[in-house]
Amino acid sequence: MTGLLDKVRASSEVSRRSFVKASAVASAALATGAMAGCSNKVGMADTGVVTGDENTSETDYGRNLTEGAWVSAACWHNCGGRCMNKVLVRDGVVIRQKSDDTHEDSADYPQQRGCVRGRSQRMQVFGADRLKYPMKRKNWSPEEPHGELRGKDEWERISWDEAFKYVGDQLKRAYDTYGPRSILAHSGSYVSYNAMRPLLALGGYVGITDTTSMGTYNLDTTKLGLPSKDGGAASSNDRYDMLNAETIVLQGCNPAWASAGSTCLSFLNAKAAGVSFVVIAPSYNATAQLLNARWIPLRAGTDTAFMIAVAYEMVKLDEERGDVVDWDFLNTYCVGFDAEHMPADATTNENFKDYILGAYDGTPKTAEWASEICGTPVEDIRWYAEAIGKQHKVMLLHSYSFARCHDSEDVPQMFMTLGAMGGHFGKSGHACGTAYYAQAGNGGPSLVAAGMANVPPIDNGVDDLVAGPILWKSVLEKKYPFVGNICAVTQPREERDLDIHVIFWEHSARLQTTPDLVRGIEAHRAVDFVFCNAQFLTTQAKYSDIVLPVTTEWERPGRFGQLSNRETLLIYSQVIEPLFEAKTDQEIGRGIAEACGLDPDEVYPLSEKQQFMNEILGATVAEGGEMVPLVTVTADDLASWECEGEPQEGKVPLAEFMERGSYQVERSAGDEHSFIAYADFVADPVANPLPSNSGKFEIYCQWKKDTLDSLGFSSNFKPYPSYHPAVEGWETRSDEYPYVVYNPHYYRRSHSVYDNVTWLREAWPNPVFISAQDAADKGIQTGDDVVVYNAYGKIVRTASVLQTLMPGMVGLPHGAWVDFDESEEYDLGGADNVLCGPTVSGMAVSGYNNYNCNFEKYTGEPLVPDCEQPQRIIEL
Ligand SMILES: Nc1nc2c(c(=O)[nH]1)N[C@H]1C(S)=C(S)[C@@H](COP(=O)(O)OP(=O)(O)OC[C@H]3O[C@@H](n4cnc5c(=O)[nH]c(N)nc54)[C@H](O)[C@@H]3O)O[C@H]1N2
Ligand SMILES: Nc1nc2c(c(=O)[nH]1)N[C@H]1C(S)=C(S)[C@@H](COP(=O)(O)OP(=O)(O)OC[C@H]3O[C@@H](n4cnc5c(=O)[nH]c(N)nc54)[C@H](O)[C@@H]3O)O[C@H]1N2
Ligand SMILES: [Mo]
């Protein structure tokens with residue numbers, strides 16, 4: 001090992017320029033399958049960017065990086081892991097990368113280990129395809145924008161001065177001529193330093209309202225009685241309590257892929273303790289395999305019908321046996337299950353029980369009834385109805401894929417209703433809540449948290465927000481229905497005009513991650529000016545006029561990894577100086593501000609380092625039932641950081657925290673941090689009411705129906721959970737489009753991020769998943785290229801034929817970079833949103849998981865495997 005390290009170190013003298021060549025060579029080696037690992041490691045060391053004299057660099061925080069030091073490095077993407085990454089930096093060169101070895105691994109005190117994505121982070125940061133300089137599209141000029149060439153044109157290098165001048169002039173022209181409603185912009189950055197601030201200071205911009213992650217759980221589920229808007233981490237129990245369950249149900253979850261890092265550990269511990277698992281999903285996914293779960297198959301987008309039938313079968317079984325439905329729980333803690341327990345604000349006499357028995361439509365919602373819709377075998381529905389009855393210790397846990405479907409607005413209420421029928425709230429060994437993202441299987445409030453950056457917000461002077469699925473259609477049609485923020489406070493529908501002239505994207509991949517991508521490209525080509533910040537030639541950079549190279553988190557003053565599990569707070573530092581001419585988002589924002597005639601110091605009153613220091617000073621940790629200061633910061637620390645603030649006493653000295661890279665609360669069974677969701681409410685529902693109007697779980701929620709009606713996208717929702725065919729989905733399949741496509745979040749990527757990393761491309765080839773039966777019908781085998789198409793677009797991918805996927809379902813992984821062929825008809829990259837359209841109903845949910853489609857063998861040129869494709873390297 002030392003030998004290799006020495007060799008790598010020796011090669012660190014190579015210049016930056018030859019690094020680019022070396023890295024390109026490395027990827028060519030990958031392409032031919034030759035010694036990829038070794039070549040890339042050399043490429044890595046060659047990235048040397050010398051940081052300057054010993055201990056004088058911005059990046060060193062007092063460490064001696066000339067000798068070599070392990071530095072806590074960011075793993076900052078949006079996959080929910082945000083795990084520990086450390087890099088060995090010597091002479092400004094990253095030599096090696098590792099994960100958490102700050103302490104011995106144990107169940108009480110697990111290491112926060114990274115996954116393959118985090119461990120490939122250096123391939124991203126130092127990728128030969130990093131954007132190095134500001135760029136302009138050759139045929140774009142303020143006078144003749146040639147929007148039709150977006151995505152096809154060549155690039156030319158420009159200086160930052162030119163870039164800021166172009167951007168400033170275009171922004172000023174749009175604000176002066178058309179006003180702030182002519183700008184469409186979005187930043188996914190949740191921190192205070194994003195480059196939206198100058199736009200806000202100039203009057204604001206039209207934004208986007210999109211249900212993305214939590215789907216229909218965004219329709220304020222506190223009105224149903226859930227603890228926070230999205231169900232949230234406080235809706236399920238602490239990880240230790242999972243060991244007390246008999247059965248854990250995971251509905252619409254795949255933490256093995258989508259809550260990576262250490263989060264599956266909690267489930268594995270439960271499995272080792274003898275807990276059995278049930279997975280309800282269209283495929284026997286990686287998590288089901290990991291946990292040896294019983295699989296209840298169902299078609300994507302049909303969970304409401306499935307759960308309604310389970311409720312019916314529970315009632316029927318209870319009539320026979322008397323020990324299935326927890327009537328005490330329903331009568332004490334819920335409203336609307338039956339006619340005797342209606343909420344005060346109900347405007348109809350209907351209730352859930354009579355609905356499922358068929359009193360209103362003559363159709364009892366039996367297992368046979370649901371099986372037709374969901375494809376779930378009748379015996380599975382009956383088995384499940386018994387298995388989640390009140391005599392069993394069951395945890396019903398969900399992620400949100402089943403709520404990212406058209407007409408899934410009743411999923412949150414129906415999931416809660418099953419929990420209430422089994423009485424699975426507020427007791428050890430029982431739960432009904434979320435298992436999502438970093439908190440999967442470890443519910444409860446955060447035990448350690450970062451503080452706020454304390455940058456005063458600038459209000460957006462424009463209230464326009466366009467719903468995700470109809471964003472591009474609205475830009476093209478120059479009108480849209482305004483309904484407020486569908487993820488926060490909705491407003492009754494109002495038809496508005498829309499006249500977009502400028503588009504700006506930062507720290508989100510909106511063109512790539514918003515439905516109706518083909519129209520998205522059209523919309524990009526229709527406006528006067530498009531610009532973005534980007535690290536690579538991502539989809540939206542490709543369709544822009546000016547691209548501003550932005551740093552990665554390894555090239556900034558450091559920050560917190562905000563989204564770790566409840567026990568851990570990660571902190572990371574700057575690793576290297578900005579590569580080439582890349583600037584941070586705040587530096588770019590300052591440049592834009594200045595070019596627009598604003599004072600950058602007013603727009604950005606705090607330096608990035610001061611913002612970081614404020615977050616450090618405000619960091620807290622749980623102790624004795626309250627949150628106390630976490631970090632000891634001395635007057636010397638403040639002076640050496642050149643930051644303002646009051647010195648303070650905490651649990652860990654700043655330097656030690658930074659060096660370690662994390663603060664993790666060591667747990668033990670029965671400790672003060674144990675958490676049972678809803679325990680207070682169940683102990684005393686009068687003293688501790690839920691946030692709903694009635695203070696109880698609302699199985700009948702008048703607010704839900706009235707709000708959905710006011711949005712004007714559909715009118716068939718009832719105040720209680722009910723079934724109606726989806727506006728698009730299994731119910732609307734036709735001879736033309738007989739299948740349903742859904743989008744699993746994929747291990748190779750975090751959304752669109754990392755899709756360009758050749759190591760990950762080699763390990764995870766990004767096929768399209770097709771069921772064995774459907775493949776046999778069409779004569780398709782694993783390895784064949786197929787075109788998947790529908791009314792919205794066409795993608796080509798190589799088939800992976802699965803026995804473990806339900807017939808009728810097509811699984812297209814989320815987030816692949818768009819790569820249209822020359823005809824612009826076939827997307828060879830396999831981007832999910834090419835097959836998602838502008839379909840809306842209910843709350844205008846982005847219903848990624850139930851679009852109709854068809855597929856055939858592809859007769860064009862065979863696809864080149866992704867890992868053999870050339871990187872998008874721009875020669876300027
Ligand atoms: N590697 C990786 N991890 C990620 C992300 C990523 O892009 N990559 N993204 C992160 C983010 S922001 C999010 S929102 C989460 C998403 O996390 P999840 O919602 O858990 O992710 P999905 O892969 O969409 O869905 C999980 C599983 O649900 C099943 N499923 C799909 N549709 C349905 C349905 O209609 N009903 C039922 N019952 N099951 C269904 C499929 O088996 C699928 O594999 O993942 C986070 N983690
Ligand atoms: N069809 C379909 N669409 C989906 C989904 C689906 O399941 N199916 N899932 C949805 C979900 S749950 C989510 S959360 C969204 C995610 O949608 P997005 O947030 O749009 O997706 P990301 O790919 O994470 O975009 C992050 C972008 O920021 C860039 N970036 C990274 N670091 C920095 C930085 O420091 N500064 C700047 N300026 N840029 C940076 C990355 O290169 C990347 O382009 O996608 C949604 N879209
Ligand atoms: Mo998400």
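What you find for Met242 and Ser266 is that their closest heavy atoms are CE-O, 3.3 Å. Considering every non-hydrogen atom in both Ile356 and Tyr312, the closest pair reads O-CD1, 3.3 Å. Of all non-hydrogen atoms in Met414 and Ala311, the two that sit nearest each other are CE-CB, 3.9 Å. Heavy atoms only, all atoms of each residue included: Ser408 and Pro412 are closest at O-CD, 3.7 Å. Residues Val249 and Tyr384 share a closest heavy-atom pair of CG1-OH, 3.3 Å. Of all the heavy atoms in Phe329 and Ala420, the pair that sits closest is CD2-O, 3.5 Å.
In the displayed structure, Lys718 atom NZ is contacted under 6.0 Å by at most 12 heavy atoms of other residues, nucleotides or ligands. Crowding of Glu372 atom CD: a count of heavy atoms from other residues, nucleotides or ligands under 6.0 Å not exceeding 12.
For the residue pair Arg749 and Asn766, a side-chain donor N or O sits within less than 3.5 Å of a side-chain acceptor on the partner. One side chain, Asp241 or Ser428, offers a donor N or O that lies under 3.5 Å from an acceptor on the other. At a cut-off of 3.5 Å, with distance as the only test, no side-chain donor of Thr212 or Tyr848 sits close to an acceptor on the other residue. For the residue pair Asn78 / Ser750, no side-chain donor-acceptor distance below 3.5 Å is found, with atom types taken as modelled. Glu698 and Ser694 share a donor-acceptor pair across their side chains, judged by distance under 3.5 Å alone. Between the side chains of Asp303 and Gln251, at least one donor-acceptor pair of N or O atoms lies under 3.5 Å. Using modelled atom types and a 3.5 Å distance limit, the side chains of Gln702 and Tyr700 yield a donor-acceptor pair. Thr490 and Asn485 form no side-chain donor-acceptor contact under 3.5 Å, judged by distance and modelled atom types alone. Residues Thr568 and Asn565 bring a donor and an acceptor atom of their side chains to less than 3.5 Å of each other. Looking only at atom types and distance, the side chain of Thr287 has a donor-acceptor partner in the side chain of Asn254 under 3.5 Å away. Checked by atom type, the side-chain pair Asp407/His724 shows a donor-acceptor distance below 3.5 Å.
Salt bridge absent: Asp220 and Lys704 never bring a charged side-chain N and a carboxylate O closer than 4.0 Å. At a threshold of 4.0 Å, the pair Lys473-Asp516 does not count as salt-bridged, since none of the basic side-chain nitrogens sits closer than that to a carboxylate oxygen. For the pair Arg239 and Glu567, the salt-bridge criterion is met [side-chain N within less than 4.0 Å of a carboxylate O].
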Audit row: Thr304, Thr302, side chain to side chain contact (heavy atoms under 4.5 Å, CB included) steps and yes/no: CA-CA 6 Å; Thr304 307; Thr302 65; over 6 Å; no
Worked verdict on Lys365 versus Tyr355 for side chain to side chain contact (heavy atoms under 4.5 Å, CB included): CA-CA 8 Å; Lys365 308 299 178 294; Tyr355 166 75; 3.4 Å; yes
Stepwise side chain to side chain contact (heavy atoms under 4.5 Å, CB included) check, Met843 with Leu711: CA-CA 7 Å; Met843 66 181 296; Leu711 306 182; 4.1 Å; yes
Verdict with reasoning, His751 to His745, per ring pair (Phe, Tyr, Trp, His ring centres under 6.0 Å): CA-CA 7 Å; His751 307 285; His745 285 228; 5.3 Å; yes
Worked verdict on Phe277 versus Thr247 for side chain to side chain contact (heavy atoms under 4.5 Å, CB included): CA-CA 6 Å; Phe277 283 83; Thr247 305; over 6 Å; no
Worked check of side chain to side chain donor-acceptor pair (under 3.5 Å) between Asn833 and Thr513: CA-CA 7 Å; Asn833 280 306; Thr513 53; 5.6 Å; no
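Here the CG atom belonging to Leu397 is positioned 11.5 Å from the NE2 atom belonging to His424, to the nearest 0.5 angstrom. Separation of atoms CE (Met214) and OG (Ser846) is listed at 14.0 Å; rounding is to 0.5 Å. Distance check: Leu517 CG to Leu511 CG gives 5.0 Å after rounding to the nearest 0.5 Å. Atom OH of Tyr678 sits about 5.0 Å away from atom OG of Ser235, to the nearest 0.5 Å. Taking CD from Gln512 and OG from Ser752, the interatomic distance works out to 5.5 Å, rounded to the nearest 0.5 Å. Here OG of Ser187 is found 11.0 Å from CZ of Arg510. Values are rounded to the nearest 0.5 Å.
Relative to the six-membered ring of Tyr792, Arg519 misses at least one condition, a distance below 6.0 Å or an angle of at most 45° to the axis.
Annotation: Tyr746 is not in aromatic contact with His814 [ring centroid separation under 6.0 Å not met]. Separation of the His406 and Tyr851 ring centroids falls under the 6.0 Å cut-off. The aromatic ring centroids of Phe425 and Tyr333 lie 6.0 Å or more from each other. Separation of the His398 and Tyr400 ring centroids falls under the 6.0 Å cut-off. If you look at Phe306 and Tyr723, their ring centroids are not closer than 6.0 Å. Note: Phe697 and Phe681 meet the aromatic proximity criterion, with ring centroids under 6.0 Å apart.
Of the possible polar contacts, none joining the Asn849 side chain to the Cys405 backbone as a donor-acceptor pair under 3.5 Å is found. Looking at Lys696, its side chain never comes within 3.5 Å of a backbone N or O of Val335 through a donor-acceptor pair. Counting only distance, with no hydrogens or angles, the side chain of Asp410 and the backbone of Ser722 share a donor-acceptor pair below 3.5 Å.
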